[in-house]
Structures are given as structure tokens and as C-alpha cells.
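First up is the structure itself, then whatever we jot down about it.
When reading the values below, keep in mind they use all heavy atoms of this one structure, side chains included, and skip hydrogens, waters and symmetry mates. In what follows, residues are counted from 1 in the order of the sequence shown.
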Amino acid sequence: MNALKRLFVKSDNIMRDSYIWNTMSALLFALQSAIVLLVITRTNGLDDAGVFSIAYAVGSLMYYVGEYGVRKYQVSDVNEELSFTDYHAHRVVACVITVIASAVYTVICYTKQGYSGYKAYIVLMVCLIKVVEAYSEVYFGRYQQVGRLDVSAKTNLYRTFIGMAAFMIALAITHDMALSMTIWLVAVILAFLTSSLAVMKDFATLEFRFRWDRIWKIFVDCFPLFAGYFMLLYVSNAPKYAIDACMTDTDQACYNFIFMPVFAIGLFANFIFNPILVDLAHKWDGAEIKGFSKIVIRQIFVITAITLLAIGVALTIGCPVLGAMYNADLSAYRIDLAILMVGGGMLALVNFFAVVITVMRYQKSLTAGYVVLAVLAGLTANRAVGSYGIRGATMLYTSLMAVLSVVFALMTFRYIKKAGN
């Protein structure tokens with residue numbers, strides 16, 4: 001255990017290791033569902049792949065209930081107005097709420113939505129795995145807050161890899177997805193105990209002390225972030241929910257095959273942005289508006305360049321590569337994939353502007369945009385997918401992301417201009 005702990009904490013060059021390990025960790029975490037979906041498709045077939053796809057979409061929503069949008073708020077709390085004990089207590093409460101919400105949702109799907117017991121169990125297991133991930137985030141936030149993003153990245157990489165490996169090995173041996181999901185849950189809990197929990201005492205005192213006034217303050221202050229991230233993910237997944245309601249599990253699998261590369265754009269943008277988050281917060285806190293603006297503009301150009309590259313790949317080798325990976329004929333979805341790449345670029349911009357607005361502490365202004373878009377998605381998703389199938393899903397997603405990115409861009413530069421006056 002001590003040797004493993006030293007591996008997580010030791011660093012000869014923290015800045016270099018932060019970039020390297022954060023890149024590897026973010027890459028694996030972002031590709032988690034894609035890799036697992038690939039294994040399920042080749043091991044158990046398209047129907048189970050579709051079941052996992054909708055389960056992962058629901059689980060990701062539950063993750064945001066547990067994480068509550070607090071990590072970036074916690075990391076940018078450079079003056080430590082709240083202690084780690086307060087952030088930890090809030091996370092415990094949020095995760096308990098998430099477990100209850102996951103159970104209630106699963107029961108409703110089983111009794112009212114026609115889910116089989118098997119499908120409902122898979123959904124519940126994925127939700128619980130996401131609860132563990134959400135709880136771990138409060139530890140990652142602490143490491144990054146004190147300048148050790150490398151420790152955050154190493155422990156996240158370790159936990160993610162152990163859970164995925166355990167699941168894939170179990171599925172390859174048993175072909176039983178329900179049993180394999182249970183093994184995945186146990187594996188991520190054990191991995192968390194031997195990584196994040198093991199090294200925490202070097203960075204903060206872990207106390208189970210519930211100061212309800214401070215917990216409530218976090219709930220109130222971060223509610224716009226939580227509501228925003230939750231509704232953004234709902235909007236992102238609205239086409240998947242519509243496919244679940246209007247089409248088959250096989251259609252769900254095919255949509256998810258071409259949807260997987262969407263997050264690659266945001267992933268590569270985050271590689272560059274995450275390590276400079278604390279610096280951005282310091283520049284804003286120190287009223288260095290010019291330096292702050294330069295970082296923002298540079299990141300916009302980075303996201304744009306990555307998006308254009310992704311569109312080119314989608315129109316040329318995208319579908320053949322994805323089809324070969326997932327053993328499926330995706331040739332009919334070339335244009336749909338390109339449309340989704342545009343949407344991926346818009347999503348990366350939305351996430352980036354939301355983080356910048358949070359650093360500026362104007363996060364409450366995000367809520368209105370998210371609410372309007374979530375309502376719009378709820379009203380139009382089933383109609384778009386029911387009428388136009390996969391093409392309707394891709395157009396819906398990209399249109400929603402484009403609208404939101406423009407709104408948040410206008411907010412961002414308005415607040416920067418206000419601070420510069």
C-alpha cells in the first residue's frame with residue numbers, strides 16, 4: 001500500500017506530470033463508455049450494447065446529481081473560504097440523494113416504462129458506479145486546489161482502469177452483463193479505497209463533520225452550476241432518450257457508435273484548459289483582465305481548430321473506422337457523424353464558457369440558458385426522432401448546442417468587458 005501511495009504522490013516535476021497524467025486520465029475517462037461499448041458489442045451483441053448505452057446516459061445524469069458542479073467551484077476557491085471538511089460533507093449528502101434518486105428512477109422504469117428486470121438492473125448498476133465516481137471527485141478537487149493535479153489524475157486513472165478492466169475480463173469470461181456490472185461496481189469501490197482515500201491524509205484531514213449552514217451554502221452557491229451541467233447533459237442525451245422511447249436497442253447502439261467521437265473534441269480542449277484553471281482563477285482574482293482575456297481567446301481558437309479537424313475526419317475515414325471498431329455497417333451515417341462533430345465543437349465551447357463564467361463567479365446567469373434549452377429539448381426530441389430517425393437526433397443535438405454556445409459566448413465577453421471598465 002505504501003509503495004502504491006508513493007507512486008500517486010511522488011513527482012520530480014509537478015507541472016510536467018500534471019499535463020502528462022491529466023492527459024492520460026482524461027483520455028481514458030472520456031473513452032470509458034466507448035471502450036466498454038466496443039467490448040459489449042463484440043461479446044454480447046447490439047441489443048446489450050443498446051441497453052448499456054441508455055444506462056450510461058442515465059448514469060451520467062446521476063453523476064452530476066452527486067458531483068453537483070462543485071469541483072471547479074472548489075478548485076477555484078483559492079483563498080479556501082470553505083474547508084475540505086465542508087466540501088466533503090456536502091458531497092456525502094449529495095451522493096446519498098443520488099443513490100435514492102437512482103433507485104426511484106429504476107423502479108419507475110421497471111414499473112411504468114416497460115423495462116425488463118435485466119435492463120433496470122443494468123441501469124441501476126451504472127448509476128451506482130457513477131455515484132462512486134462523483135464521490136471521488138471531491139478528493140480530486142482537493143488535490144488540484146493545492147496544486148497537485150498530477151495526484152488527481154493518477155488516482156482517477158487508476159480507479160477508472162481497474163473498474164473497466166474488471167468488467168471487461170468478467171464479461172469476456174461469463175458473457176453475463178449483469179454479473180459483470182456488479183463486479184465493476186465492487187472494483188471501483190476497492191480502487192477508490194486504495195488510491196484517493198489512501199493519499200488524502202497528505203493533503204487534508206478527512207472528517208465527517210456536517211456543518212449544515214456551510215453545506216447549504218454550497219448547495220445554494222453551486223445550484224446554478226449543478227442545474228446547468230445537469231440540464232446540459234440532459235439536452236446532450238435527449239436524442240438517446242427519444243431513441244429509447246421511439247426506436248429499438250439496436251438503433252440506440254448505432255446512434256451511440258457515431259456519437260462517441262463527439263466528446264473527443266471537448267476532451268482535447270480540456271487537455272489544454274484543465275491545467276491552467278487555477279492560473280485563470282488567479283488572474284481574475286488579481287484583476288489581470290488582459291491576461292485573462294488572452295487565455296479565453298486562445299482556447300476558443302484551439303476548440304475551433306480541433307472541431308474543423310474532427311469534421312474532416314468524419315467526412316473521410318470516420319464511419320469506416322467506427323464500423324470496423326464496432327463490427328457494424330455505419331456507411332449510411334457519414335453526414336450524421338459530421339453533423340455531430342459540429343455539435344461536439346459547440347459542446348466544447350459551451351463547457352468552456354461555463355467554466356470561465358464560473359471563475360468570474362457569475363454562474364447564476366447560466367441557469368436561464370440551460371432551462372430554456374432543456375425545455376426545448378423535452379418538447380422536440382421525440383417528435384424529431386420519431387419523424388426523422390437518426391438524422392433527426394443528430395440535427396436536434398447540434399442545433400441545441402449551437403444556440404447555447406452563442407448565448408454563453410455573449411455572456412462571457414460582456415462580463416469581461418464589464419470588469420475592464
field: Salt-bridge present (Asp249, Lys119; N to O < 4.0 Å)
entry: yes
- prompt: Salt bridge between Arg142 and Glu80, side-chain N to carboxylate O under 4.0 Å?
  reply: yes
task: Look at the rings of Phe292 and Trp284 and say which category their plane angle falls in: under 30° parallel, 30 to 60° tilted, over 60° perpendicular.
output: tilted
query: Is it true that a side-chain atom of Thr160 and a backbone atom of Leu157 form a donor plus acceptor pair closer than 3.5 Å?
result: no
field: side-chain contact (heavy atoms from CB on, under 4.5 Å) assessment of Tyr139 paired with His88
entry: CA-CA 8 Å; Tyr139 294 83; His88 178 261; 3.4 Å; yes
- request: Indicate the atoms forming the closest heavy-atom contact of Ser405 with Leu349, along with that distance.
  value: CB-CB, 4.2 Å
- prompt: Quick one: CE on Met395 to CG on Leu400, what's the gap to the nearest 0.5 Å?
  reply: 10.5 Å
- line: Closest heavy-atom pair, Cys127 versus Val58, reported as atoms and distance to 0.1 Å, is SG-CG1, 3.9 Å
message: Could you tell me if Lys130 and Tyr64 have a donor-acceptor pair between their side chains, going purely by distance under 3.5 Å?
response: no
query: Does Thr98 use its side chain to pair, donor to acceptor, with the backbone of Ala94 at less than 3.5 Å?
result: yes
- request: Have a look at Asp86 and tell me which of Lys217, Arg91, Arg211 forms a side-chain hydrogen bond (donor to acceptor under 3.5 Å, both in side chains) with it.
  value: Arg211
query: Under the 3.5 angstrom rule, does the side chain of Ser76 hit a backbone N or O of Tyr73 as a donor-acceptor pair?
result: yes
field: Between CD1 on residue Ile54 and CG on residue Asn256, distance to nearest 0.5 Å
entry: 8.0 Å
query: Is a side-chain donor-acceptor pair under 3.5 Å present for Glu207 with Thr85?
result: yes
query: How about Phe219 and Tyr68: are their ring centroids closer than 6.0 Å?
result: yes
- request: Using atom types as modelled and distance alone, determine if a side-chain donor or acceptor of Lys201 lies under 3.5 Å from a backbone N or O of Leu206.
  value: no
task: Check Thr41 against Ala49 and note the closest heavy-atom contact, atom names and distance.
output: OG1-CB, 3.4 Å
task: Measure centre to centre between the rings of Phe353 and Phe408, then say whether the value is under 6.0 Å.
output: no
query: Glu67 side chain to Arg71 main-chain N or O, any donor-acceptor pair under 3.5 Å?
result: yes
Minimum side-chain heavy-atom gap Ser102-Leu124 below 4.5 Å: yes
message: Would you call the rings of Phe226 and Phe223 parallel, tilted or perpendicular, taking 30° and 60° as the class edges?
response: tilted
query: For Met168, does the CE atom sit with more than 12 other heavy atoms under 6.0 Å from it, leaving out its own atoms?
result: yes
- prompt: Which class fits the ring pair Tyr158 and Phe8: parallel under 30°, tilted 30 to 60°, perpendicular over 60°?
  reply: perpendicular
task: Go through the steps for Gln32 and Tyr56 under the test side-chain hydrogen bond (donor to acceptor under 3.5 Å, both in side chains), then give the verdict.
output: CA-CA 10 Å; Gln32 182 182 57; Tyr56 200 86; 2.7 Å; yes
task: Tell me, with the steps shown, if Leu149 and Phe140 meet side-chain contact (heavy atoms from CB on, under 4.5 Å).
output: CA-CA 8 Å; Leu149 178 61; Phe140 301 156; over 6 Å; no
- prompt: Would you say the ring centroid of Tyr370 lies under 6.0 angstrom from that of Phe230?
  reply: no
message: I'd like to check Lys283 versus Ile289 (side-chain heavy atoms, cut-off strictly below 4.5 Å). Are they in contact?
response: no
- request: Answer yes if the side chains of Asp48 and Tyr118 hold a donor-acceptor pair under 3.5 Å, and no otherwise.
  value: yes
Side-chain donor/acceptor of Ser180 to backbone N/O of Leu171, under 3.5 Å: yes
message: Pairing donors with acceptors under 3.5 angstrom, does anything connect the side chains of Ser136 and Asn156?
response: no
- request: Carefully, step by step, assess Phe52 and Asn44 under the rule side-chain contact (heavy atoms from CB on, under 4.5 Å).
  value: CA-CA 11 Å; Phe52 172 76; Asn44 283 30; over 6 Å; no
query: Are Arg159 and Ser25 linked by a side-chain donor-acceptor pair shorter than 3.5 Å?
result: no
query: Counting only heavy atoms not in Arg16, do more than 12 fall under 6.0 Å of its CZ?
result: yes
Student check: side-chain heavy atoms of Val188 and Glu133 closer than 4.5 Å: no
task: State, to 0.1 Å, how close Gly141 and Val75 come at their nearest heavy-atom pair, and which atoms those are.
output: O-CG2, 3.7 Å
message: Ring-plane angle category for Phe259 and Tyr255, please: parallel below 30°, perpendicular beyond 60°, tilted otherwise.
response: parallel
query: Quick one: does Thr43's side chain have a donor or acceptor within less than 3.5 Å of a partner on Ile40's backbone?
result: no
task: Report yes if the side chains of Pro239 and Thr394 come closer than 4.5 Å at any heavy-atom pair, otherwise no.
output: no
- prompt: Less than 6.0 Å separating the ring centroids of Phe203 and Phe84?
  reply: no
- request: Kindly determine whether Phe210 and His90 satisfy ring pair (Phe, Tyr, Trp, His ring centres under 6.0 Å), including the steps that lead there.
  value: CA-CA 8 Å; Phe210 295 82; His90 171 270; over 10 Å; no
- prompt: Looking at OG of Ser53 and CD1 of Ile122, how far apart are the two atoms once the value is rounded to the nearest 0.5 Å?
  reply: 12.0 Å
- prompt: Out of curiosity, Arg148 CZ to Asp17 CG, how far, rounded to the nearest 0.5 Å?
  reply: 8.0 Å
field: Short side-chain to backbone donor-acceptor contact, Gln145 and Gln74, under 3.5 Å
entry: yes
- prompt: Heavy-atom count around Tyr110 OH within 6.0 Å, excluding the residue itself: above 12?
  reply: no
query: Taking C-beta and beyond as the side chain, do Leu404 and Leu347 meet within less than 4.5 Å on heavy atoms?
result: no
query: Does Val70 reach the side chain of Val138, with side-chain heavy atoms less than 4.5 Å apart?
result: no
message: What verdict does the side-chain hydrogen bond (donor to acceptor under 3.5 Å, both in side chains) test give for Ser60 and Asn237, after you've listed the backbone C-alpha separation in whole Å, the side-chain angles of each residue and the deciding distance to 0.1 Å?
response: CA-CA 9 Å; Ser60 296; Asn237 288 333; 5.4 Å; no
message: With a 3.5 Å distance limit and no angle check, can you tell me whether Gln113 reaches the backbone of Tyr115 through a side-chain donor-acceptor pair?
response: no
message: Using 30° and 60° as the class boundaries, would you call the ring planes of Phe257 and Tyr326 parallel, tilted or perpendicular?
response: parallel
query: Taking Thr155 for the side chain and Ser152 for the main chain, is one N or O donor matched with an acceptor at less than 3.5 Å?
result: yes
message: Nearest 0.5 Å, please: how far is CG in Leu61 from CG in Leu233?
response: 4.5 Å
- request: Please round to the nearest 0.5 Å and tell me the distance separating atom CE of Met341 and atom OG1 of Thr307.
  value: 9.5 Å
- prompt: When you check the side-chain N and O atoms of Tyr121 and Thr182, is any donor under 3.5 Å from an acceptor?
  reply: yes
message: Ignoring hydrogens, what is the shortest heavy-atom contact between Ile129 and Met181? Give both atom names and the distance.
response: CD1-O, 4.1 Å
message: Quick one, Leu190 with Ile162, criterion side-chain contact (heavy atoms from CB on, under 4.5 Å). Give me CA distance, side-chain angles, the key distance, then yes/no.
response: CA-CA 9 Å; Leu190 293 176; Ile162 292 296; over 6 Å; no
query: Shortest non-hydrogen contact from Asn382 to Cys246?
result: O-SG, 4.0 Å
